Number of protein chains: 2
Amino acid sequence: MNISRGPGQAPKYQRLAADLRRRIMGGEWQGGTPLPVESELENQYGVARNTVRLAVDVLVNEGLLVRVQGKGTYLKDHPVLDHHAYRAPSDPELGSPGTSLRSAFAAYAEEAAAAGRKLTSDFQMLIVRATTDITDRLRIEPGEAVVLRRMLRYMDGEPWSVEESHYPVGLAASTALMAPDPVVGGDEMALADAGYLETGCVDELCARMPNPEEAQWFQAGPGVPLLVQLRTGYTESGPVRVTETRYSADRNRLIYSLGSLGGLDAPSVRSAEVFSEIGDLGAPAEI
Amino acid sequence: MNISRGPGQAPKYQRLAADLRRRIMGGEWQGGTPLPVESELENQYGVARNTVRLAVDVLVNEGLLVRVQGKGTYLKDHPVLDHHAYRAPSDPELGSPGTSLRSAFAAYAEEAAAAGRKLTSDFQMLIVRATTDITDRLRIEPGEAVVLRRMLRYMDGEPWSVEESHYPVGLAASTALMAPDPVVGGDEMALADAGYLETGCVDELCARMPNPEEAQWFQAGPGVPLLVQLRTGYTESGPVRVTETRYSADRNRLIYSLGSLGGLDAPSVRSAEVFSEIGDLGAPAEI
DNA sequence: GGTGATTTGTGCGTATGTATT
DNA sequence: TAATACATACGCACAAATCAC
């Protein structure tokens, strides 16, 4: 197939990308199978190598392909793991119906085990001056010191997610949260022991591309965004902690069970699915 | 400043990108201010234009910069709008404490108005064969027909989010959901009128890069992921609808108020904040 | 309204480096 | 070691969009 650029047409590399996308979606290559090498694509389409690379760049940045130097270019496959970020108290799958928050790590590890995978973690405890992101939510003074408890999570040894919990130093002072080790039973148990029973939380969710440090840690190539959950935990008398968790979005999905599910099981849906296939939306309205 | 490549160093374009990132983070240019033009950067750093473009590509794909043909390259600014995806019934800001779900559009429009912005929408109603994404969650047969009600939302005329609600045809048949118009009071009211009172839902959240159609509709350049919310609504007797909402992640944040917040206001936090600044994570563990 | 200068976008060619097989 | 395949880097030319005049 030869691509020649006519007037009014999209650029070559974009049409090449579109054609490759079509062939990919058509199942011409399976996950893990290499695409034709760049020189082969040059010949197939009769374009310069630069143009091939521009086209493949597009698909890499969409998260469809991954390039490996010296080997080839491959379809990316998406084994997605669900993580239950919240279960309503009425949810029957919840062990203790009275509490809405469980030991996060234990629950996460159970989910991983259920999927036949092994969750491990590294732990760091630091005392830092909080940014306004944190102080605003904790309702403390800007620049005030907070206890930062960081959990680096690995799935089968692969970097998976980063959780950073921030506590006001005054609050954490007399608790197990000052120890440079994970609290058995979870941080929320240490909080509860100190009289701070978390009764609710506010989650703020966003997605963005990783910065270089994050990309390196997550081993996330181009086209892989982060899913960021910022949870502020509340007692009856106010906020007590802010937890920011970052997930590599191509491997993770967050689940919230809300309200009453009427005694039904949570839906069991295959994990590998991707929601896509937008129909024709028409042109966007002019601004 | 001249960048010369030594052995064992990172490639020129990556170090150039890192230096530009440093200057950007250092506040050398403000949001909306153009960066030096490519030829200027060639001279400043003593590299080929290609190298400059590779470096800028990196930052564009991180969502830091945006290029405008014929004008220049600019810092992207991030006016983020919060959207309350869920409020716990005990949340005092909820108008009617008995129901956990409000008319989504009305609530959304109120939030927008509170931020001094205007939410508009287009509406489409289609009957389509559902994908397994949908049928699995609705517990109907694969390929069964569903009513697809699509809401295209614009903020101040700018493409903002796409909401697609799917209902089993049998369920929707005798309701206002078959009409090719938005239901006053919201779809959930039409459902309730037909005896299907939604008592809970399960939200599945993920993020990914947009496909070409989505990127075009959202006018999302490289480096802008989508935040996707897939909500399955339940009555006491089972699921009745699946709603997929796609947000341009650089402009939106989803908020979930969960559990009891003890009569406290939802936290009022400036919208423009970005959570970033990962500390040193150390090297990831080997696989 | 048109013209030219500026700036990014597209496309080609070539050469060499680096990782994998 | 050699071949293969992607990565980096240089150069050049022209197209297309924007803006100042």
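Computed from heavy atoms alone, side chains included, the values below leave out hydrogens, waters and symmetry copies. Everything numeric here is computed off the predicted structure, so don't read it as measured data. Chain naming here is simple, since letters A, B, ... match the order of the sequence lines and numbering starts at 1 in each.
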Quiz item: Roughly, in whole Å, what's the span from CG in B:Asn43 to P in D:dC10?
Solution: 13 Å
Practice problem: Write down the distance between CD (A:Glu42) and P (D:dC6), rounded to a whole number of angstrom. | Solution: 10 Å
Self-check item: Rounded interatomic separation in angstrom, taking CD from B:Glu38 and C1' from D:dC12
Solution: 15 Å
Exercise. Scan B:Gln14 against the nucleic acid and name what it touches under 4.0 Å (heavy atoms): base, sugar-phosphate only, or nothing.
Key: sugar-phosphate
Exercise. Would you classify B:Thr73 as touching base, sugar-phosphate or nothing, given that sugar-phosphate means primed atoms plus P, OP1 and OP2, and contacts are heavy atoms under 4.0 Å?
Key: sugar-phosphate
Self-check item: B:Tyr13 versus B:Asn50, side-chain donor and acceptor atoms under 3.5 Å
Solution: no
Listed pairs, N/O of protein and of nucleotides 19-21 of chain D, under 3.5 Å:
from, atom 1, to, atom 2, distance (Å)
D:dC19, OP1, B:Lys71, NZ, 3.2

Quiz item: Looking only at side-chain N and O atoms, does B:Lys12 come under 4.0 Å of OP1 or OP2 in D:dA7?
Solution: no
Practice problem: Could you check whether the rings of A:Tyr247 and A:His83 sit parallel, tilted or perpendicular, using 30° and 60° as the cut-offs? | Solution: tilted
Quiz prompt | Distance below 4.0 Å between B:Arg67 side-chain N/O and C:dT7 OP1 or OP2 | solution = no
Quiz prompt | N/O (side chain, B:Gln69) to phosphate O (OP1/OP2, C:dT10) under 4.0 Å | solution = no
Self-check item: N-O pairing of B:Asp156 and B:Lys118 below 4.0 Å
Solution: no
If you look only at distance, which donor and acceptor atoms sit under 3.5 Å apart when one is on a side chain in residues 63-72 of chain B and the other is two or more places apart or in another chain?
from, atom 1, to, atom 2, distance (Å)
B:Arg67, NH2, B:Asp57, OD1, 2.1

Quiz prompt | Lys/Arg N to Asp/Glu carboxylate O, A:Arg149 vs A:Glu164, below 4.0 Å | solution = no
Quiz item: How far apart are the closest heavy atoms of A:Glu42 and A:Ala48, and which atoms are they?
Solution: CG-C, 4.1 Å
Quiz item: So which of residues 51-65 of chain A are in contact with DNA chain C, with a heavy-atom cut-off of under 4.0 Å?
Solution: A:Thr51
Exercise. Figure out the OH/P separation between A:Tyr45 and C:dT10, and round it to whole Å.
Key: 19 Å
Practice problem: Any chance you could measure A:Gln14, atom CD, to A:Leu54, atom CG, to the nearest 0.5 Å? | Solution: 9.5 Å
Quiz item: Which whole-number value in Å describes the distance from B:Asn50 CG to D:dT8 C1'?
Solution: 9 Å
Quiz prompt | Residues A:Glu62 and A:Arg21 bridged, charged N to O under 4.0 Å | solution = yes
Practice problem: Could you point out which residue of A:Arg153, A:Arg246, A:Arg231, A:Arg150 forms a side chain to side chain donor-acceptor pair (under 3.5 Å) with A:Glu163? | Solution: A:Arg153
Quiz item: Closer to the 5' end of DNA chain C via nearest nucleotide, is it A:Val68 or A:Arg49?
Solution: A:Arg49
